[in-house]
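Below you'll find the structure, written out as structure tokens, and then a few comments.
What's counted below: heavy atoms across the whole structure, side chains too, no hydrogens, waters or symmetry copies. We count ligands from 1, going down the list as the structure has it; atoms in each ligand are counted the same way. All values reported here derive from a predicted model rather than from experimental measurement.
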Amino acid sequence: MGVIGVDSPHGTDKLPSYEGKDPFFQEEPWCVYCHSRPAAGLRCCSGCHTAWYCNQTCQKAHYVSGHKEICLLVAQDVKRVKKYAAPLRKMRVNDVLEDYFETQVGDFGQCPKTQMYLAARHALMDTYETAASEVKIQEVYEKALFHALAVLRLDAEDGIETRYVAPFILLNLHPDDDAFDFIRYWMKVSGQETTEEFWVRLQSEEGEWTYPREKDCRFLNIYQEVPAANEHNVPLAFLMAILIIKLRIVATYDATCRSIDLAFQTTGGRRIHMIQNAVKDIFLGDRVKIIENQRQQVE
Ligand SMILES: [Zn+2]
Ligand SMILES: [Zn+2]
């Protein structure tokens, strides 16, 4: 979550705009220890591929100051996924060798022999998410998302409940619309027979995003989007993710208003104040009209 006023050089009365994202989030890797980006480039930790360094001194310092634990865990989880995947690539079915990753996509949840693999892959996703929350680098969140989407493709019914983790990866990574799209999809298919999107997911590439995207859907009300949903049957994880989406919208709006107010206060002059509301309307557009609705959804 972003922190209002954190970069303020003049105290709390100068508010930067609030984007709702972690202010430390990095689209490009940097040295996770000293936060530099040397021209000579960075080296990636060969143990986990989730941390980058400018030199060995930073790498060693980071390793002993706490990276060791997650580094070993990533390596161990990657190994376990490979170990459980290997036999599934050559399963003997009616005396014919079958690659489950080609023939059983979507049905992994139904098959007892794939359970250990699914659990290992889910654990790897979790570990990448933990690593990402430490280094705040986009590529590491993307690794977590890749494995989440891959598990949801292999086990279309999601018996191990990967769907409750994915929205929080998305909230760190993508526009919040994706998180809303994802939740709406899973709310709609819950208890339903297979839908068109379901088949699209099974035919997708590993880790591919197959959920229907709608621009600005984060403003929508989940209870209106999914008529079967009510305050008792929306899973807690989804409810929390939606709450974060809504709070970000309200907070962004409030911060923008304050920035505009502040700009006018510091420019001074009575006539400027007269056009203040008109300017707010230009900047915020239709969002002014629906922001009260967002506040109500939060409540
Ligand atoms: Zn460094
Ligand atoms: Zn490492």
Side-chain angles (χ1 to χ4, degrees), residues 1-3 6-9 16 19 21-89 101 116-154 160-174 178-179 205-209:
M1 300 287 288
V3 181
V6 73
D7 293 326
S8 166
E19 302 291 341
K21 300 273 172 181
D22 190 322
F24 300 105
F25 180 82
Q26 300 300 311
E27 286 178 13
E28 294 297 326
W30 61 359
C31 174
V32 296
Y33 194 72
C34 74
H35 296 173
S36 69
R37 285 194 180 89
L42 297 159
R43 59 178 75 197
C44 188
C45 175
S46 61
C48 65
H49 300 279
T50 70
W52 286 259
Y53 303 99
C54 59
N55 59 38
Q56 270 194 337
T57 312
C58 278
Q59 180 164 13
K60 276 180 187 158
H62 192 235
Y63 195 79
V64 295
S65 73
H67 178 63
K68 183 181 175 184
E69 199 182 332
I70 192 76
C71 188
L72 294 174
L73 195 58
V74 170
Q76 176 200 301
D77 285 355
V78 168
K79 230 166 124 181
R80 282 181 62 222
V81 167
K82 281 185 186 157
K83 181 180 126 191
Y84 291 122
L88 301 178
R89 296 195 188 282
F101 291 91
M116 296 294 274
Y117 172 80
L118 281 176
R121 193 109 192 237
H122 179 99
L124 177 61
M125 168 204 68
D126 255 349
T127 303
Y128 275 133
E129 216 232 340
T130 306
S133 66
E134 280 173 18
V135 297
K136 315 272 186 202
I137 291 172
Q138 181 171 331
E139 194 175 318
V140 187
Y141 280 114
E142 281 169 350
K143 283 179 198 280
L145 181 63
F146 178 88
H147 291 285
L149 297 176
V151 169
L152 292 169
R153 168 179 169 271
L154 291 169
I160 52 172
E161 304 197 329
T162 303
R163 64 188 179 282
Y164 297 136
V165 185
F168 297 97
I169 305 172
L170 289 165
L171 286 175
N172 278 300
L173 192 54
H174 282 290
D178 280 355
E205 295 292 312
E206 187 177 64
E208 193 186 332
W209 178 269

Stepwise side chain to side chain donor-acceptor pair (under 3.5 Å) test for His62 and Tyr53: CA-CA 9 Å; His62 192 235; Tyr53 303 99; 2.5 Å; yes

Vertex the Zn ion (ligand 1), rays to SG in Cys31 and SG in Cys58 - rounded to 10°: 110°

Above 12 or not: heavy atoms from other molecules or residues under 6.0 Å from CD of Glu208? yes

Could you tell me whether any N, O or S atom belonging to Cys34 is less than 2.8 Å from the Zn ion (ligand 1)? yes

Cys71 atom SG and Cys48 atom SG as seen from the Zn ion (ligand 2), angle to 10 degrees: 120°

Just to confirm my numbers, could you give the angle made at the Zn ion (ligand 2) by NE2 of His67 and SG of Cys45, rounded to 10°? 120°

In the structure I gave you, are the side-chain heavy atoms of Tyr141 and Phe25 within less than 4.5 Å of one another anywhere? yes

Is any side-chain heavy atom of Tyr117 less than 4.5 Å from a side-chain heavy atom of Val81? yes

